[in-house]
Amino acid sequence: MSNMNQTASSSRSQGSGRRFDVARMLLEGRAFFALIAIIVIFSLLSPVYFSTSNFLTMSSHVAIFGLLSLGMLLVILTGGIDLSVGSTLGLAGVFAGFLMQGVSFEAFGVVVYPPVWVVVVLTCGLGALVGAINGVLIAYFKVPAFVATLGLLYVARGVALLMTDGLTYNNLGGSEALGNTGFDWLGFNRLFGIPVGVLILAAVAIVCLLLLSRTPFGRWVYSTGGNARAAELSGVPVKRVQVSVYVLSGICAAIAGLVLSSQLTSAGPTAGTTYELTAIAGVVIGGAALTGGRGNVRGTLLGAFVIGFLSDGLVIIGVSSYWQTVFTGAVIILAVLLNSIQYSGRKNSKPASDGKPTSPQPEGASERSPATGSTTGKAGAQS
């Protein structure tokens with residue numbers, strides 16, 4: 001009789017375990033399933049949506065959001081936030097346009113037209129400078145990340161407006177006689193049939209993936225977001241990590257500004273307005289926790305594609321721009337709600353049996369949970 005009871009209870013536990021596994025799979029893979037649902041729905045609503053050319057066009061738009069989201073992911077993993085990425089994008093585009101128009105040295109009576117590679121390097125340097133200012137204010141002067149980056153949002157946007165006097169730099173294609181052609185290559189050219197902007201996004205994503213999963217810096221980032229005080233006591237250079245992630249976020253924003261201004265062959269001081277919110281949305285939809293320590297590159301890319309494909313799909317079927325804002329906001333709220341459900345369940349789980357303090361692990365670490373650090377697998381099951 002006892003054997004029968006044990007068998008029945010075992011079958012019930014296996015059935016509940018399967019249901020739990022399915023629910024957890026749907027919850028953790030929500031960005032992927034949301035992207036599939038968006039593609040299916042808009043393909044049924046519009047005959048032009050499901051086509052290779054349209055997917056490539058939409059992907060080139062997603063590249064802008066994806067670059068910003070990858071930089072934002074690094075910051076959010078440390079428990080911070082960067083509200084200045086949209087303004088940094090606009091400032092980077094204006095700075096690149098300023099250089100492409102020629103730099104005048106009145107004292108010598110000459111105008112210098114730097115080649116495109118110099119423009120790219122200097123623009124990325126500007127993005128790194130903005131990020132470094134953010135990082136130093138936050139790490140060394142203890143200014144709250146929200147306040148520091150909000151201030152830089154206004155400063156960067158104001159500098160862009162001052163540089164252009166509120167106008168737009170047009171015709172950034174350059175001139176062969178001046179040796180500064182090729183800027184539009186970033187936005188219009190394709191390699192192997194794929195837009196260059198998408199390839200740039202893929203390259204940056206690979207770098208971020210390797211940085212987070214294969215280097216000590218990646219472990220430091222996750223540890224800082226999990227518990228900054230404990231990480232510092234363990235020898236992690238928390239302040240340097242915080243400055244570094246903001247510098248990387250600024251560089252990603254500058255690259256996005258270069259790609260966007262290249263696609264438009266113009267640079268305006270208002271470019272990138274509210275893009276910081278889109279970047280945060282991509283990270284959150286991808287499953288990262290705003291409290292830090294949890295998230296990965298794969299989910300962030302999926303979140304960026306969800307935002308981009310949804311926005312372009314609404315445009316294709318002729319939905320009003322006002323309703324587009326409503327739908328995007330609803331998706332963000334739903335993503336945050338699902339994140340709360342996912343991570344609150346992990347917080348309620350039992351701690352590690354050995355009682356030792358643990359910290360979040362970088363993506364790709366299969367032996368420990370990125371949320372609690374508790375061991376999983378056979379050893380955990382046996383204990």
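The structure presented is a predicted model; accordingly, all values stated were derived computationally and were not measured. Counting from 1, the numbers follow the sequence of the chain as shown.
- Distance check: Leu68 CG to Leu277 CG gives 11.0 Å after rounding to the nearest 0.5 Å.
- The distance from the CD1 atom of Ile332 to the CD1 atom of Ile280 is 9.0 Å, given to the nearest 0.5 Å.
- Annotation for Phe183 and Met100: closest pair CB-CE, 3.7 Å, computed over non-hydrogen atoms.
- Panel note: side chain Gln324, backbone Leu310; no donor-acceptor pair is recorded below 3.5 Å.
- To the nearest 0.5 angstrom, Cys208 atom SG is 7.0 Å from Leu248 atom CG.
- A distance-only check finds a donor-acceptor pair linking the side chain of Ser261 to the backbone of Leu258 [under 3.5 Å].
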TODO: Verify side-chain contact (heavy atoms from CB on, under 4.5 Å) between Ile285 and Val331, making sure each step is shown before the conclusion.
DONE: CA-CA 8 Å; Ile285 292 172; Val331 169; 3.6 Å; yes
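- Other members of the hydrophobic cluster containing Ile206, listed by chain and number, are Leu210; membership follows side-chain contacts under 4.5 Å among ILVMFWY residues, whether direct or relayed.
- In this view, Ile36 and Phe32, Val40 satisfy the side chain to side chain contact (heavy atoms under 4.5 Å, CB included) rule, not counting sequence neighbours.
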TODO: Before giving the answer on side-chain contact (heavy atoms from CB on, under 4.5 Å), spell out for Leu152 and Ser87 the whole-Å C-alpha distance, their side-chain angles and the decisive distance to 0.1 Å.
DONE: CA-CA 8 Å; Leu152 263 292; Ser87 296; over 6 Å; no
Throw together a table of side-chain donor-acceptor distances under 3.5 angstrom for residues 126-133, partners on residues two or more places apart or in other chains.
none

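- The CD1 atom of Ile317 sits 4.5 Å away from the CZ atom of Phe42 when rounded to the nearest 0.5 Å.
- Under the 4.5 Å side-chain heavy-atom criterion for grouping Ile, Leu, Val, Met, Phe, Trp and Tyr, Leu91 is connected to Val103 within one hydrophobic cluster.
- Sorted by first and then second residue, the ring-ring contact (aromatic ring centres under 6.0 Å, His included) pairs with a member in residues 291-310 read Phe55-Phe309, Phe305-Phe309; sequence neighbours excluded.
- With hydrogens and angles disregarded, a donor-acceptor distance shorter than 3.5 Å links the side chain of Thr149 to the backbone of Leu83.
- Side chain of Ser60 to main chain of Thr57: a donor-acceptor pair is present (N/O by atom type, distance under 3.5 Å, no hydrogens or angles).
- A heavy-atom distance below 4.5 Å is found between the side chains of Ile81 and Ile76.
- A continuous path of hydrophobic side-chain contacts links Phe217 to Val247 [ILVMFWY only; heavy atoms under 4.5 Å].
- Here side-chain hydrogen bond (donor to acceptor under 3.5 Å, both in side chains) pairs that include residues 127-140, with residues two or more places apart or in two chains, are Ser84-Asn134.
- A continuous path of ILVMFWY side-chain contacts below 4.5 Å connects Val319 to Tyr49, so both sit in one hydrophobic cluster.
- Residue pairs meeting the side-chain hydrogen bond (donor to acceptor under 3.5 Å, both in side chains) criterion with at least one member in residues 176-205, sequence neighbours excluded, do not occur.
- A continuous path of hydrophobic side-chain contacts links Leu186 to Leu199 [ILVMFWY only; heavy atoms under 4.5 Å].
- With a 4.5 Å cut-off on side-chain heavy atoms, Leu212 and Leu77 count as touching.
- Counting all heavy atoms, side chain and backbone alike, Ala254 lies closest to Ala92 at CA-CB, 3.7 Å.
- Here the side chains of Leu201 and Leu301 are in contact, with some heavy-atom distance below 4.5 Å.
- With sequence neighbours excluded, the residues forming a side chain to side chain contact (heavy atoms under 4.5 Å, CB included) with Leu264 are Leu260, Ser266, listed by chain and number.
- Summarising the geometry, atom CD1 belonging to Ile255 is positioned 11.0 Å from atom CD1 belonging to Ile64; distances are rounded to the nearest 0.5 Å.
- Remark: Thr300 engages Ser69, Leu70, Leu73, Val283 in a side chain to side chain contact (heavy atoms under 4.5 Å, CB included) (not counting sequence neighbours).
- Considering CG of Leu161 and OH of Tyr154, their distance stands at 12.5 Å, rounded to 0.5 Å.
- When the side-chain hydrogen bond (donor to acceptor under 3.5 Å, both in side chains) test is applied to Asp312, the partners found at least two apart in sequence or on another chain are His61.
- Under a hydrophobic-cluster definition in which Ile, Leu, Val, Met, Phe, Trp and Tyr are linked whenever side-chain heavy atoms come within less than 4.5 Å, directly or via other members, Val315 and Tyr322 are assigned to different clusters.
- Counting only residues at least two apart or in different chains, ring-ring contact (aromatic ring centres under 6.0 Å, His included) contacts with residues 249-298 comprise Phe65-Tyr275.
- Among residues two or more places apart in sequence or in another chain, the side chain to side chain contact (heavy atoms under 4.5 Å, CB included) test is passed with Asn339 by Arg30, Val284, Gln342, Tyr343.
- For residues 228-254, the set of pairs meeting the side-chain hydrogen bond (donor to acceptor under 3.5 Å, both in side chains) definition, not counting sequence neighbours, comprises Asp82-Ser249.
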TODO: Step by step, work out the side-chain contact (heavy atoms from CB on, under 4.5 Å) result for Thr52 and Leu56.
DONE: CA-CA 6 Å; Thr52 303; Leu56 290 176; 4.1 Å; yes
- [ ] Could you go through the side-chain contact (heavy atoms from CB on, under 4.5 Å) check for Val85 and Leu89 one step at a time?
- [x] CA-CA 6 Å; Val85 292; Leu89 180 152; over 6 Å; no
